[in-house]
Number of protein chains: 2
Amino acid sequence: MTVDTATAQRQVLEAADALFYERGVQAVGMDAIRTASGVSLKRLYQLFSSKDELIEAYLKHRDELWNTMLAEHVDAAGEPRERILAAFDFLNDWFQQPDYRGCAFINSFGELGTVSPRVAELANEHKADFQRRLTELTEAAGAPDPARLAEYLILLSEGAITRSAISRSAEPAERAREAAGLLLDALLPS
Amino acid sequence: MTVDTATAQRQVLEAADALFYERGVQAVGMDAIRTASGVSLKRLYQLFSSKDELIEAYLKHRDELWNTMLAEHVDAAGEPRERILAAFDFLNDWFQQPDYRGCAFINSFGELGTVSPRVAELANEHKADFQRRLTELTEAAGAPDPARLAEYLILLSEGAITRSAISRSAEPAERAREAAGLLLDALLPS
DNA sequence: CAGAGCGGAGAACGAGCGTTCTCCCTCGAT
DNA sequence: ATCGAGGGAGAACGCTCGTTCTCCGCTCTG
């Protein structure tokens, strides 16, 4: 059964995404992706010319998904302060997923950061993007120093992401939300 | 030139520590450790009967070093509040090191967490130990809810650790310290 | 001095990796 | 009906890995 290029590409990417995220990029062979996606090895290499390219596509895919889900949570909230806290509700939802394994970018960076400048760059861009979005929210909430407050909130988020992965509990999201609330109380004009 | 067992063990562990931390545990082969430590492959396998065992020794070694350095910073401070903030000064010092690459436990967990229960366990213990130490400090400072405050501080620490690694900057330590100060202001009795 | 045992250097082994190649079947155009 | 392009299955290639084995020279005891 042959399918068109776009469909095959999506199948491969979805299989790679699940495997890379679960086991780490180095531990997953191209053959495992081939088996999971049901595509022949020849076709796989037509769609993605190397494993490095597939890793890059995987990270870009994660980035898009993450931004979409974050935006959905934020846009569902109304007041500026609630929009900021919605980011932590998003984390809470994310941590609940049974296959939650931390941040794909942090994990990939830990594996390949020294040896793959591209992965290091993508991780850095992903986090910088998050910082930009948070800064927009703190600006909208009238923070006197939006960038600084956003950085505080990022630290809480990143901490919750790794801590939740290692302790296998979604609780850090709630604690991070509480701490964020305290910081907003201290730094937002009442 | 033959050396006694304890010395050889230390040499191997130091070589493994440097290589594992820099490149990740999976990317480093036993042969690279053998070359770096100057020990024969036969002897290496007498000292550590498998790579898994060496990885475990590496993580335990990192844990000891980390606890020692943290304790030194904390003990150099006087007042309870200063002792808490000293943890963030420790992070700042750590991040300055040119070979800083994030937390060995987070990185190893990202690489092997799904496949090696032992690594997952060691990472979890390491973080739980940090939590215990921080809770002692928040108790001594008279926090009404020491465990909760300690959790907030851990989130800031973990966030600073990963953010500093990815952005290649020590600045997150300073921001984390500032945010910690705000939380202490809000939650410690004046 | 003879012989036994230990350690060093590195070859060897079986497995798995990323990537390419071969073979064969299918299918559409002439 | 015939030819040819393209894709599927998977063998093959060259490499690296973790681990074991072989060989050889050294040293310590009688």
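Here is the naming used below: chain letters follow the sequence lines, and residue numbers restart at 1 for every chain.
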message: For A:R175 and A:E178: C-alpha separation, side-chain torsions, deciding distance, then whether salt bridge (charged side-chain N to carboxylate O under 4.0 Å, His left out) applies.
response: CA-CA 5 Å; A:R175 296 290 95 75; A:E178 291 168 11; 2.9 Å; yes

[X] [atom1] to [N] [atom2], straight-line distance once rounded to whole Å:
X     : N      : atom1 : atom2 : result
A:L47 : D:dG6  : CG    : P     : 15 Å
B:L44 : D:dC17 : CG    : C1'   : 14 Å
B:F48 : D:dG18 : CZ    : C1'   : 16 Å
A:Q11 : D:dG8  : CD    : C1'   : 14 Å
B:K51 : C:dG16 : NZ    : C1'   : 13 Å
A:L54 : C:dC17 : CG    : P     : 15 Å

query: If you look only at pairs with a residue in residues 86-103 of chain B, which of them pass as a salt bridge (charged side-chain N to carboxylate O under 4.0 Å, His left out), with sequence neighbours excluded?
result: B:D89-B:R177

message: Of the listed nucleotides (C:dG7, C:dC17, D:dA9), which one gets closest to any side-chain atom of A:S40?
response: D:dA9

B:R43 side-chain proximity, nearest of C:dT19, C:dG8, D:dG7: C:dG8

task: For the pair A:Q9 and A:R43, evaluate side-chain hydrogen bond (donor to acceptor under 3.5 Å, both in side chains) and give the outcome as yes or no after the intermediate values.
output: CA-CA 10 Å; A:Q9 203 144 10; A:R43 193 105 196 274; over 6 Å; no

message: Is the ring pair A:Y100/A:W94 parallel, tilted or perpendicular, if the boundaries are 30 and 60 degrees?
response: perpendicular

A:T162 OG1 to A:I106 CD1 distance, which is reported to the nearest 0.5 Å: 6.0 Å

Grab the N/O contacts between the protein and nucleotides 20-27 of chain D below 3.5 Å, and write none if there aren't any.
none

task: Return the residues of residues 19-36 of chain A meeting this criterion: a heavy atom under 4.0 Å from some atom of DNA chain C. Order them by number, or give none.
output: A:V28, A:G29, A:M30

[X] side chain vs [Y] backbone, donor-acceptor pair below 3.5 Å:
X      : Y      : result
B:Y152 : A:A180 : no
B:T138 : B:T135 : yes
A:S116 : A:L112 : no

query: Are A:R62 and A:Y21 in a cation-pi contact, defined as NZ or CZ under 6.0 Å from the six-membered ring centre and within 45° of the axis?
result: yes

